[in-house]
Every structure is written in C-alpha cells, then in structure tokens.
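First comes the structure, then the notes that go with it.
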Amino acid sequence: MEILRQIEEKWREAWEREKIFAADPDSNREKRFITFPYSYVNGPFHVGHAFTATRVDAYARFKRMQGYNVLFPWAWHWTGQTIAGASERVKLGDEEFIRPLREIDGVSEDDLKRFIDPAYMASYYTNENRETVRRAGFSIDWRREFRTASPTFNKFIEWQYQRLREKGYVAKGTHPVVWCPHCESPTGDHDRQEGVGVSPEEYTLIKFRIDDAYLPAATFRPETIYGVTNMWIHPDATYVKADVDGEQWIVSEKAAGKLKEQNRKVEITSRFKGREIIGKRFINPINDNELPILPGWFVSPDHATGVVYSVPAHAPYDWVALRDLQEKPESLKEFNVDTDEVRSIRPISMIEVEGFGDFPAVEIVEQLRVKDQSDPKAEEATKLLYKKEFHGGILKEICGKYAGSRVYEVKDRLIEDFKKKSIADSMYDLPQPVTCRCLTPCIVKILEGQWFLRYSDEVWKEKTRTALRKALVYPESAMQWFLNIIDWLRDWACARKTGLGTPLPWSPDWMVETLSDSTVYMAFYTINKHIKEHNIKPEQLTPLVFDHIFYGKGNLEGVAEESGISSQELKDMRREFLYWYPVDLRNSAKELVPNHLTFFLFHHTALFPEHLPRAIGVNGWLMLEGEKMSKSKGNFATLRGALGEYGADATRCALLLCAEGMDDPDWRRENVRDVGNKLESFYNLAKSTFESEGATERDHLEEWLISTLQHRIRKVTESMETLKTRTAIENAFYEIWNDIRWYRRRKEKINTETQKQILEVWTRLFAPFAPHICEEIWSKMGKEGFISLAEWPEHDEDKVNIRAEETEELVKNVLEDTSNILRATKMVPKRIYYYSASPWKWKAYLKALEQSLSKKIDLSSLMKDLMKDPELKKAAREVAKFARQIVDEANRMPDDKRRRELQVGAMNETQALKQAQHFFEREFDAEIYAHSEDDRQHEDHKKRAESARPYRPAIYIE
RNA sequence: GCGGGGGUGUCCGAGUUGGGUCAAAGGAGACAGGCUUAGGACCUGUUGGCGAAGGCCUGCGUGGGUUCAAGUCCCACCCUCCGCACCA
C-alpha cells in the first residue's frame, strides 16, 4: 500500500511539472472539450462528487490517449444562498450544524470562528477541495480555474444576462410563491419546518350572487356548478364583507388577508359570524336558481375563501352534511332556516360514472360507512370519488354545452369560459399547512416584478428539443426524461435578493440565482486562461468585448481600443473560444437533469446556437454502504478521506466499478479495500512480468491470448465511447486478468515475450482508470514519455485468430465434460482416453452448418445432400444416425457461431488434445490419451468412441 | 397524481435493442486446496438441485400469452428507487 502511495505522489508531481494536461488550441489536432459541473463549495468534496468526476476524468484520459487535444477544466461554485446560510448557522452557534464540520470535515476551531464570513468559508473549502481534486489525479488544466464570485466572471454573467434579456428570454413576471410573512422571502422546501413538498394550488372561485354582493365559493371542480343545491358556511367562523377589486365579496376573514397578498385590493367593510347569513338565499349564475345558505361545520375558514357550495350528488362531504341536517332538523333550530325546505333538498345528478348510479357520493358514503361530516372517512371518500369522476366521469345532459364530455377534457375550457363570463375568479392557497423554519405559518404570495427566464416559451422549448435530439445522450434512456423536462419546465425565477451572486446589470438590487449563472460558463474556461495570464481587469471585460470574442462582432481595433485589451489578446481569446467550443461532453449526476443540464441546453440554444453541446452524460447518485449519504447522520465519506485511506487509483477504480448508466453506485469500504489489494497484485504481476526472462516458445495459446485481447480492446473502447465506464474498467482490468490466468493455467512455460506484449496493451487500457500505477509500470517497462499521453490500443483484426479461439473452446469443453463425468460417477481416474470425431463426421457437420446458414434444415434434405458425397454414401447408415444428432444442433446454432465454425473448418482435434495432454494430466491427475475415433486403442472403447462429435470428443475413463 | 429508472442465483451486478452459444459474464461472500512463521494478503479450483458417463429437473418480480425455442417478444398486475421548482 505504501509503495502505491509513493508512486501516486511521484507521478502527480511529474504531470504537474511537465504540465501535460494544459491544453492549448492546436489546429493539427481535433479537440475534445470535456466538462464536469463545478461543485458547490459549502463543504468538502465527497465520494459522490468523485464518482461523477472520475467518470469525466477517465473519459478525458481515454480521449487524450486516442490522440485528441483534450481540455478538462475546473471551477468552483460560490454563488447562492447556501454558503450564506451555512455561515449564518455557524454564527448562531447551531451545534447540530457545527459538529459535522468539526468531526467530518476536520475544520479547526480557529477556522470555524472565521466561518461567520461566508467568503472565508467558501475560500476555505475551495482550497481544501482543490488539493483533494489534485490528489485524485484528475487531468485538469488548472490555468483556467475560477470561482463564480470573481469579478471577471461576474462580467461574463452580466454579458450573458444582458444578451438574454435583449433576445427576450428574460422578462419580468408575476408568480405565486409560498411565502413567510416574517422572513419576507419565499420559503423553499429546505427552509420549512412543516409542509415539505407543498406548493400553491389554484382554486376556482364561483361567484354566487347574494343581494348586492358575491359569495365566491372555492373549488377544484367548477364543473359541478350544474349540481348545486345550497351553500355551506361555517356558522361560528368570522366572515367579512369586503370590497375586492371593486366588487363586494363575502369571504372568511382569513381569506381576505390572503387575497391581499395575491395582488387584490381588499377593503373590509364589515365583520360578522357566519350564522348571520345562514338562511339567506343566493343565485346560481348558471341557471338563476335561488338556493339557501346552510350551516356546514366541516367548512374550514382557513381554507381558500371559507365559502363552499354544495353538490350532494357528487361530493361526499356535501351529501353527509346535508344528511346530517335532514336527520337532525333540531340542529337547524338556532338558524333562520326552513326545515321543510332542507328536507326537500334532493341531490342533482350531473356526472355519469361507470360503476355508479345517479348519486355516486351517496353510494360511496354508504360503502365507506361515513358517519357524519366530522368523520375522517369523508376525506377518503372525497379523494376516491374525485379521482374516479375526473378520469372516468362524463357530464350529463344538464351541463348544457359541456354535456357528453369527459371531465378531464373539459375542465380547463370550462374554467376559461366561466372566467370570461365573470362567473368565476380564482385564488391560490396551500392544500396543507406550511410552516417556515422560523415557525411562522406560510401563505401564498403573488410576487410581482420578479425576473424570470422564460422557459415556458414554446419557441425556445422547441429549439432546445432540437438541440437535445442532435446531441448524444448517455445513457440513451435519459433522452426521454430530458424531453419530458423540457415540456414541463415553466418560467424560472432567475434572480434573488439574498446570498452571493452577480447583480443583474439592469437592476442591481437583484442577483442572478445560482442555477441561472451556471449555464454557459464553459465558454468562460476557454478565455479565462488569457484573462489570468494578461491580468485583464474586470472593467475591461465590457459586453462588447464578449460580443467580439464569442460572436466576432465589432471591429477588432475598435474593441481593443475601447477596452484596453490588446488586439492580439482579443484575437487569441476569440481563437481559443472558436477552437474549444462547443462542449463535447458534459456529465453530471441525474439530480441535475431537471434543472442544470436542461438549463444548460436552453441557454446554449439562446446564446450559442452555432455551438450546441455534442453530448450529455448522466449517472446515478452515490449511496454509502447502501444508505443515502447524509452529513448530519454521519453517513458521509469525503474524497480526501478515501484518498488517504485507499489511495487515488483504488478509489477511482472502486468508484467506477460501482455502477454505470443511471444506476446508483453503492460505495462500500470493503469493496474499496479489495480493489486496493487487487491493484497491488496487478502491480506485482506486472513487475514480475517485465523483470522475468523466460521461454519464448509459441503455440496456439499465445495466439489465443493475443486474439482474445483484441476483443477486450474493442469492448473497452466501445464502452468508453458511450461512457459505460463500469463495463470498460471491468473488461480492462478483470477480464484481461482472467484471460492471463487461463493462459497461465494452461501453459507450462510462460512465454515472457507475449506476456510483456500483453502487459504493454493492458496497462494502456487500464491507464484512464488507474493512471498512477500505470505510469509506473509504463516507465518500468522502459517506455518513453507518459502513459497518459501514450497511444490508445487499437483492435487489430489481423491478430484475431478464430482457429486458436475455437481450439481453446474445444479444450474448455473437454475439461468441463470430463469434470462432469467424474462428478457424476465419482470416479478417481487412472487413464482418460479422448477420441475425436472422424473426418467424415466433420464433413457432414460442416455441410449441415453450411446448409443451415440460409434456411432451416431437415433430416431428409440434409441426407440427400450428404449422399451426393461418395465417401459418405459408403457409410450411409452411420451417416444417417449422425445426421439425426446434428440437425437440431445446426438449426439452433446462432448465426455468428455458425460462421465462425465454418471459417475454422475441420479441426485436427486429436492434435489439439495431444497438445493439451499435460494440461489435462495436471488437472485430472491421470494419464491422458488422445486419438481419433477411427484409431481407438482398445476394442471395448468402441461404443463410446463412436459417440464422438465435432467439438465434443468422446471420453472414456478408467 | 405525473414523469423517469429498476425488479436476475447467498449478496452486488451483466445479459433484455436484433428470442437460440444462458444454469445465466464479472465481482463479493462461502467452501476446498496451495503458498507462507502467520495472515482479513496472494495463487488455484468449487459454489441451484439431482445424477454410477458428458445428462436431466427447477429457475431470471407475479399471472397469462406468442414461438420448435423466452431472462430476452406481447398483455395485465404487483413491488421499489428517484425527480416534481424560487433550491443546490
């Protein structure tokens, strides 16, 4: 282990000394621009980040070895609220938060004190993580590094947002948010004490006329207006009459407050208990029916308007509440209500649902035995029936122009129609209570004048879809996900008032939000090298400068003069941008699919339509010992810790062996240790290989090994091309090792030349994954230069030897069959006789294969064909018997296997088995004899020997 | 609810696009043997069941179906993980 550590340090220093990962434009070489989304610096880089980053690095290394000019840059995400929030928690002395910083991150008390400054905290982790990333051996061009809080980067973001706005992609908007009145800010999920996942829902308000005012009853089911029988008002809740945008509304007192936050002008003119209006009559605007207001204790004044209309045929609550009144007329005594009228109210059927009669609510209430309106089962009944009616319900005749339609089809149109006719209005509310961390109950607020990225814009969406379809997506199954996200995306609030970030250039009291400033920054990598090198000042980076660099706009001299950046530098930057862009691969964990990766596409279509991303990779989310990683639960592994414990190569390999595609990798310490041990023995094996001198005899086994290696090369290469890193490393490491193992098991005297030849290729195939150890082996083999820059092995068809491969197939078959017999018979063999198939059998066999190539064969046609051959005709009887055995086999054989065997033709199995004689002797500890079936040793072997078939020699054991 | 992923042997995990070489790669664990002063190191082998001859039986979430043949195709169902926005 120690030796590996030294090796790692040595090579990392060598790479840095020789600056081999610093990439500059080179018109003679094709480029590959490969990126990893910069990580947020509110904590240490962990093994989850490392999983994604290692995939990216392995790919970058692979492409570099293939001869591409590869750029893999790195940066740090400072922008956003999280660091500010974290810093705040340190300041407040939140022990729950601070303990992991001490125990997991190993932050000293001294530093901890300084964490009250968010910038300090960010720079602490930036430095910390830079060192960690360096030690992981990632092949990064560090000259382009930056942090998103740097003034030059801010200039880039300013340019980006100015241009986005000019193109109409940024606009002011008004949207409902969950709002904490105390904090005076939107309350995101992670800021909530209660109500995680709850978001504002829009209720339709149906405006029922009552005297000179309206009763705006809230509902999700405005279509049920055709079945209204009465209104429900909570008798003991406080209601108000208020002037709402010029109309008189009667709503609960709470509702009036909510409406105010939703941009309505609300002036309360009177307050009263609900009971005061119970018994009054209102008018259903759809049919001018006059109906009564009744007391409903189930009505919550906290919910929407606190006014509910009653549809007893289809709403379980309404039916139960009505039934309560009808069964207990005495409860109406205190109200000014005509009990006879209440008794005469009948549900009005207006939706037809399969499996129910006219009054589904009545039926379901009976089925579930809902006792009364305070029974929790009423809620269940409601949900059940709503779902059923929404998907399967058809509006009845009574519903006028909407009759015959399904509820889900007609709902949106109906709401729109009602609104147009001023029958309906709407308001937002939370379906469940939400409480802020500060313990204040949240409400819905309609925020005005926020800045939005207009992701809802259909034209922009379509451009983005096109961009996506043109790009490669790994794994392919993520493509559909992206398309769905593009469909689903709404406008995105892209600026905030708090946290770190770049101020919006036209409205500096807003700051560009963190997921909105990380969409096209890859372009900044291409020029940041020059900005740093020439010490270009932020104020020199005017929008015109960026226009020139990215779009070639403006006169070079003019731009140079205006900015004070030399024309040569401007030229270089433009050249550098044009050389590296577009991004060839962007890879991240799948959590970024619904936001960052999709935004990345949107913004590129908006700003760099000529330079659209070529490929996007998505990978799973790392688990730790089978559990989600969680700092607060102590289930957390930093990359730094892993590197210290297992070394870089073992960490990298173990990570990549965990998973590929969108599967979630599972990091288990035990596995990592194993991988570390395997690496060590790989190193020892390599060492013993290049240090040894030995036999140089070659037979088909060397051919076989080299041939098999060609398949491995192809598999690893193909896998890497599509970012199947697990398959790639699995083949590049374990499979080749197994091949070598088989070779060594088979061969008496190892051919060291061949071994070295194999090792030379093997090491290169493995280098993207375990670069340090491979560098060491490479140099120990006496190779010039770095393996990191060595040529990627190419599959060489000329080295493929099917005959050698099939010969080994034969040996493996025989080995397996023999073992099988020994196991079944429990014999301890003294002598084993192998009898290979007679030449005429081969002739017939190959004939059968040939025929089956084009069609399904049958016995008679095969026989007919075979009988054309005079030699076979002589032994017609045996041939017929044999043909029967091979017809099925030939038919069933996969085509490529058939072709292979035909290509190999008749094999001299006797010879092959004789060559393997010592091998079998070792394996079975018995004398081995190999002959043709025609040449059998003992007459009593006859019966058995006759059963020989091509690739299945007969076996006789004694 | 909507959208996406996935259910394979003791465990992890390939294989499913284009059905046959699949009792099913690779790894882990377990077992046996070797090396060794020793080893949680390494090397070699075994690892569904049955079997006195290379075979048979069971088997890839559940239930049906198509086919000479299904882990792979079709239908229905069950389970599970992830995302669902003012936030990284």
Side-chain angles (χ1 to χ4, degrees), chain A residues 1 37 39-40 42 77 79-83 175 177-179 185-191 197 199 383 387 390-391 447 450 452 455 475-478 480-485 487-496 499 513-516 518 590-596 620-621 623 626 628 657-664 666 668 670-671 673-675 677-678 680-681 684-685 726-727 730-731 733-735 737-738 741 744-745 809 813-814 816-827 856 888-889 891-898 900-901 923 944 947 952-957:
Chain A
M1 206 65 207
S39 64
Y40 205 70
N42 61 336
H77 204 181
T79 324
Q81 307 215 94
T82 315
I83 292 180
H175 282 249
V177 296
V178 178
W179 181 264
S185 73
T187 312
D189 258 350
H190 50 278
D191 294 327
S199 50
K383 279 193 180 142
K387 208 154 93 184
F390 179 72
H391 293 286
L447 272 184
Q450 271 200 116
F452 284 87
Y455 294 138
E476 262 176 60
S477 56
Q480 190 53 47
W481 190 9
F482 275 112
L483 287 169
N484 291 339
I485 295 298
D487 283 348
W488 157 90
L489 217 53
R490 305 195 301 256
D491 288 350
W492 182 270
C494 63
R496 292 197 60 105
E513 171 270 340
T514 163
L515 278 164
S516 304
S518 53
K590 60 187 175 186
E591 48 165 356
L592 297 188
V593 169
N595 43 63
H596 168 72
W621 176 243
M623 310 290 278
K628 249 189 179 169
L657 281 165
C658 281
E660 68 189 8
M662 282 197 277
D663 293 342
D664 295 332
D666 185 8
R668 290 179 187 267
E670 204 181 337
N671 289 356
R673 242 201 359 251
D674 276 339
V675 173
N677 291 335
K678 276 264 177 350
E680 205 167 335
S681 28
N684 292 334
L685 175 67
R726 194 189 117 97
T727 306
E730 209 262 314
N731 278 274
F733 194 49
Y734 291 109
E735 298 295 347
W737 200 331
N738 285 342
R741 240 185 233 138
R744 293 187 158 218
R745 183 176 164 195
E809 261 319 288
N813 283 345
V814 170
E816 198 187 311
D817 282 350
T818 310
S819 313
N820 203 353
I821 295 167
L822 292 176
R823 201 174 321 124
T825 59
K826 299 184 176 66
M827 289 171 82
K856 203 174 146 171
D888 271 356
E889 194 188 341
N891 278 332
R892 206 180 322 176
M893 195 177 279
D895 210 48
D896 52 330
K897 177 81 175 164
R898 230 172 347 229
R900 277 170 75 92
E901 293 198 356
E923 293 291 322
R944 185 128 285 136
S947 70
R952 305 297 298 272
I955 300 168
Y956 187 93
I957 301 175

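All chains are named by letter (A, B, ...) in the order of the sequence lines, taking the proteins before the strands, and each is independently numbered beginning at 1.
- Of the side-chain N and O atoms in A:Asn484, one or more sit less than 4.0 angstrom from OP1 or OP2 of B:rG4.
- In the set B:rG20, B:rA88, B:rG45, B:rG20 carries the atom at the smallest distance from any side-chain atom of A:Pro894.
- Residue A:Asp663 places its side chain closer to B:rG5 than to any other of B:rG26, B:rG5, B:rA85.
- Proximity note for A:Glu735 (side chain, C-beta onward) versus B:rG26, B:rA88, B:rC42: the nearest is B:rG26.
- At the heavy-atom level, A:Glu591 lies nowhere under 4.0 Å from the strands shown.
- Contacts of A:Leu515 with the nucleic acid, taken as non-hydrogen atoms under 4.0 Å apart, include base atoms.
- The aromatic ring of A:Phe482 does not stack onto the base of B:rG4, failing the criterion of a centre distance under 5.5 Å from the six-membered base ring together with planes under 30° apart.
- Among the atoms of the strands shown, only primed sugar atoms or phosphate atoms (P, OP1, OP2) are found under 4.0 Å from some heavy atom of A:Asp674.
- Under the rule for a side chain to side chain contact (heavy atoms under 4.5 Å, CB included), the partners of A:Asp888 that lie at least two apart in sequence or sit in another chain are A:Arg892.
- Spacing of P atoms, B:rG61 relative to B:rG6, comes out at 14 Å, to the nearest Å.
- Within the 4.0 Å cut-off from OP1 or OP2 of B:rC82, at least one side-chain nitrogen or oxygen of A:Lys628 is found.
- Where RNA chain B pairs in unbroken runs of 3 or more (Watson-Crick or G-U, both distances under 3.5 Å), the stems are B:1-7 with B:78-84, B:10-12 with B:26-28, B:29-34 with B:42-47, B:48-50 with B:55-57, B:61-65 with B:73-77.
- Distance check: A:Asn671 CG to A:Lys678 NZ gives 10.5 Å after rounding to the nearest 0.5 Å.
- When the nucleotides B:rG20, B:rC43, B:rA41 are ranked by their closest atom to the side chain of A:Arg892, B:rG20 comes out on top.
- Nearest to the side chain of A:Glu513, among B:rA88, B:rG27, B:rG3, sits B:rA88.
- As judged by a 4.0 angstrom heavy-atom cut-off over every strand, A:His596 is placed among residues making no nucleic acid contact.
- Comparing B:rA25, B:rG4, B:rC86 by their nearest atom to the side chain of A:Val177 picks out B:rC86.
- Counting only heavy atoms from C-beta on, A:Trp737 has its side chain closest to B:rC43 among B:rG27, B:rC43, B:rA85.
- Note on A:Asn684: nothing from the nucleic acid sits closer than 4.0 angstrom, heavy atoms only.
- Between B:rA69 and A:Asn891, no contact under 4.0 Å exists linking OP1 or OP2 to a side-chain N or O.
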Q) Which nucleotides of nucleotides 49-54 of chain B have their base under 4.0 Å from a protein heavy atom (B), which only their sugar-phosphate (S), and which neither (-), written as one string 5' to 3'? A) --BSBB
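- Nearest-nucleotide positions on RNA chain B place A:Glu730 closer to the 5' end than the other of A:Glu730 and A:Leu447.
- Counting any heavy atom pair closer than 4.0 Å across all strands shown, A:Trp488 reaches a base atom.
- Residue A:Lys678 has a polar side-chain atom (N or O) positioned under 4.0 Å from OP1 or OP2 of B:rA28.
- Within the nucleic acid shown, A:Leu489 comes within 4.0 Å of at least one base atom, counting heavy atoms only.
- Atom CH2 of A:Trp621 is surrounded by 12 or fewer heavy atoms from other residues, nucleotides or ligands within 6.0 Å.
- Nucleic acid contact for A:Arg673: none, since no nucleic acid atom lies under 4.0 Å from a heavy atom of the residue.
- Minimum atom distance to the side chain of A:Ser681 is reached by B:rC42, of the listed B:rG5, B:rA88, B:rC42.
- Comparing B:rG4, B:rA88, B:rC86 by their nearest atom to the side chain of A:Gln480 picks out B:rG4.
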